[in-house]
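Below is one structure; the comments refer to it alone.
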Amino acid sequence: MIDPNILRTDPDRIRESQRRRGESVEVVDLLIEADLAKRAAMQEFDELRNQQKVLGKQIGPLQGALKKATDEAAKAQAQAEVDALMAQASTLADDVKAADAKANEISEKADQLWLQISNLVNLDSPVGGEEDFTLIEEVGTPRDFAAEGFAARDHIEIGEILDAIDTVRGAKVSGSRFFYLKGIGAQLEIALLNLAMQQASANGFIPMITPAIVLPSAMEGTGFLGQAAENVYRLEEDDMYLVGTSEVPLAAYHSDEIIDVNQLPIRYAGWSSCFRREAGSYGKDTKGIIRVHQFDKVEMFVFTTPDEAEAEHKRLLQWERDFVDALELPYRVIDVATGDLGSSAARKFDIEAWIPTQGTYREITSTSNTTEFQARRLKIRMRDGDKTQPLATLNGTLCAMPRIIVAILENHQQADGSVRIPKALQPFLGGKTVFTAPA
RNA sequence: GGCGAGGUGGCGGAGCGGCCGAUCGCAGCCGCCUUGAAAGCGGCCGUGGGGAAACUCACCGGGGGUUCAAAUCCCUCCCUCGCCGCCA
């Protein structure tokens, strides 16, 4: 959630942000109304509750006096006072109860509306939809396979030749969009994991292996139960969720905590399986492993000060580029448009790798500056002197396995169906320089 | 899954239904003392909401209930620990 004070002092800022995202602007007015109603109802409750407390405190001593009273007149007098107070307190108790119920109901309504408001977009983000990104840079040159004298095979075919990817049996066992990594494929993923973790550690990230099933609070706190909810797997029996990214358990790791500002930034590199329903993507990428229900990913996640967030965002992007550079892949970097941001992101940069058989760039990493949005929801604050305030969180993909594997297989394939192994990866594959079909 | 114990402020650990947002110890912060440090002494020391402020409200694992009044009583759920069972 965003800073409630902005709603009270500068609601136009929120309206503008909603407009740029293509999301509801009217909800801001509903929220202003609900926020006012909430505060009024709470004040009314506070008032009544205070009266009740004051009154209640008189009853105890009076009852004591009643017990001690010896002569009849004094006793009757005290009894009458107690009775009167009790009667008064009793009706007050009913009022308090009613006011409490009302305040709760109104607060709930306001809180629900708050959850509908996405993070304020960064004003530097290009405005528009998916196609309206700004191209930041193209790096490397896509190979000209015609000039090399052979037709590029897609990753499915290469995966079959190398016996590295088995989507047919994946579908047999688990349905569409599931796959097995086998032999070379499995080794490749493990090598990528090691390379990614080595790089992350060198950059000050603490390696983490996280839970992949989380409570609703973690899912909601990271903003995935909003418009992204349809892509989240829910375990009905247990009311828990399968995470779509380790961003969720990493962000929630410090929920309800106050972190000393001197400890920031805190950087984690999380490794987990990721689960996505891929609802609404029927017909898209139905073949291969570009879009699957389950995959593994190394994710970078940072807790830092709001002042540092933008600079850290640039660093995350650079680290992502370093990794893709090390894999010798041609790619481009884009500044994602406002309409295509997740609800918690203020700004997002994607790296898209060139996929030869598709003749286009496809997303392989994504880094978002979520400013204080997640921290507010998850109650993560920093202590700076005697102030406590929300900190900033950021996330970025370091290595989403299937797509990186696709990019490597397709871009580094050779005429005979073998695949050249990028230098940086070789140490993690026993010095091997090329993947060849198993005998 | 069964039985037992327990969940209180950063940690440890008290808390008769009203005087408890909560005793005390440790840690931390400020000051005194000291050439400096330690020890000792004095003070401060949870979070959030509302309010210009005075002040006020909420929070003692979560939710519900009893009561004029709940950290304290009742119900329920969750979690932790121990033992038993089962099992990667």
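Residue numbers start from 1 in every chain, and the chains themselves are labelled A, B, ... in the order their sequence lines are given, proteins ahead of strands.
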Full working for salt bridge (charged side-chain N to carboxylate O under 4.0 Å, His left out) between A:Lys102 and A:Glu105: CA-CA 5 Å; A:Lys102 188 178 159 200; A:Glu105 191 191 323; over 6 Å; no
Criterion salt bridge (charged side-chain N to carboxylate O under 4.0 Å, His left out) on A:Arg19 and A:Glu16, from CA distance to verdict: CA-CA 5 Å; A:Arg19 193 173 299 120; A:Glu16 178 59 21; 2.7 Å; yes
Working for salt bridge (charged side-chain N to carboxylate O under 4.0 Å, His left out), residues A:Lys38 and A:Asp111: CA-CA 9 Å; A:Lys38 173 180 170 175; A:Asp111 295 346; 3.2 Å; yes
From CA spacing to verdict: side chain to side chain donor-acceptor pair (under 3.5 Å), A:Thr370, A:Thr393: CA-CA 6 Å; A:Thr370 52; A:Thr393 60; 2.7 Å; yes
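With rounding to whole Å, A:Glu44 atom CD is found 16 Å from B:G51 atom C1'. Counting to the nearest Å, the C1' atom of B:C68 and the CG atom of A:Asp83 are 12 Å from each other. Note: CZ (A:Arg39) to C1' (B:G48) measures 15 Å, nearest angstrom. Rounded to an integer number of Å, the gap from CG of A:Asn104 to C1' of B:G49 is 13 Å. Counting to the nearest Å, the C1' atom of B:G49 and the CG atom of A:Asp111 are 11 Å from each other. Following rounding to the nearest Å, A:Arg8 (CZ) and B:A52 (P) show an atom-to-atom distance of 11 Å. To the nearest angstrom, C1' of B:G46 lies 10 Å from CZ of A:Arg381. If you take CG of A:Asp260 and C1' of B:G10, they are 12 Å apart, rounded to a whole angstrom.
Distance noted for atom C1' between B:A27 and B:G82: 30 Å (whole Å). For B:C77 and B:C24, the C1' atoms lie 33 Å apart once the distance is rounded to whole Å. Nucleotides B:C78 and B:C19 place their C1' atoms 34 Å apart, quoted to the nearest Å. Nucleotides B:C33 and B:C45 place their C1' atoms 22 Å apart, quoted to the nearest Å. Here the separation of B:U67 from B:C74, taken at their P atoms, is 16 Å to the nearest Å. Separation of the P atoms belonging to B:G9 and B:G62 is 10 Å when rounded to the nearest angstrom. If you take atom P in B:C68 and the same atom in B:G10, they sit 35 Å apart, rounded to whole Å. Comparing the P positions of B:C3 and B:G25 gives a spacing of 42 Å, expressed to the nearest Å.
In terms of phosphate contacts, A:Thr388 brings a side-chain nitrogen or oxygen within less than 4.0 Å of OP1 or OP2 of B:G48. Not one side-chain nitrogen or oxygen of A:Arg383 sits closer than 4.0 Å to the OP1 or OP2 atom of B:G10.
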Sugar-phosphate or base contact per nucleotide [nucleotides 57-63 of chain B; S, B, -; heavy atom under 4.0 Å]: SS-----
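Both distances falling under 3.5 Å, in either a Watson-Crick or a G-U wobble arrangement, place B:G7 opposite B:C78. The pairing partner recorded for B:C45 is none, the criterion being a Watson-Crick or G-U wobble arrangement whose two distances lie under 3.5 angstrom. Under the Watson-Crick or G-U wobble criterion, with both distances below 3.5 Å, B:C83 is paired with B:G2. For B:A69, there is no paired nucleotide, since no Watson-Crick or G-U wobble pair has both relevant distances below 3.5 Å.
Among A:Asp335, A:Asn119, A:Thr338, the single residue meeting the side chain to side chain donor-acceptor pair (under 3.5 Å) criterion with A:Arg347 is A:Asp335.
The residue A:Lys38 sits apart from the nucleic acid: no heavy atom pair falls under 4.0 Å. Among the protein residues, A:Arg376 comes within range of no part of the nucleic acid, since none of its heavy atoms lies under 4.0 Å from any strand.
A:Asp154 meets the side chain to side chain contact (heavy atoms under 4.5 Å, CB included) test with A:Ile156, A:Glu157, A:Thr357, A:Glu410; sequence neighbours excluded. Partners of A:Asp322 according to the salt bridge (Lys or Arg N to Asp or Glu O under 4.0 Å) rule, which considers only residues two or more places apart in sequence or in another chain, do not exist here.
Comparing A:Gly56 and A:Asn5 along RNA chain B, the residue whose closest nucleotide (by nearest heavy atom) sits nearer the 5' end is A:Gly56.
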Listed pairs under 3.5 Å, donor-acceptor, residues 291-307 of chain A side chains, sequence neighbours left out:
residue: A:Arg291; atom: NE; partner: A:Asp285; partner atom: OD2; Å: 3.0
residue: A:Arg291; atom: NH1; partner: A:Glu278; partner atom: OE1; Å: 3.2
residue: A:Arg291; atom: NH2; partner: A:Asp285; partner atom: OD2; Å: 3.3
residue: A:His293; atom: ND1; partner: A:Tyr233; partner atom: OH; Å: 3.3
residue: A:His293; atom: ND1; partner: A:Arg276; partner atom: O; Å: 2.7
residue: A:His293; atom: ND1; partner: A:Arg277; partner atom: O; Å: 3.3
residue: A:Asp296; atom: OD1; partner: A:Ser273; partner atom: OG; Å: 2.7
residue: A:Lys297; atom: NZ; partner: A:Thr245; partner atom: OG1; Å: 2.8
residue: A:Lys297; atom: NZ; partner: A:Glu299; partner atom: OE1; Å: 2.8
residue: A:Glu299; atom: OE2; partner: A:Gly396; partner atom: N; Å: 3.4
residue: A:Thr305; atom: OG1; partner: A:Glu308; partner atom: N; Å: 3.2

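Side-chain contact of A:Ser24 with A:Gln116: a donor-acceptor pair under 3.5 Å is absent, judged by distance alone.
Relative to the side chain of A:Gln52, the nucleotides B:U66, B:G51, B:C68 differ in distance, and B:C68 lies closest. Closest to the A:Ile258 side chain, of the nucleotides B:U66, B:G50, B:U47, is B:U47.
Classification of A:Asp94 and A:Lys97 as a salt-bridged pair fails, no side-chain N sitting under 4.0 Å from a carboxylate O.
The side-chain hydrogen bond (donor to acceptor under 3.5 Å, both in side chains) contacts involving residues 175-189 of chain A comprise A:Asp163-A:Lys182, where partners must be two or more places apart or lie in separate chains.
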Each nucleotide N or O in nucleotides 71-81 of chain B that has a protein N or O under 3.5 Å away: list the pair and distance.
none

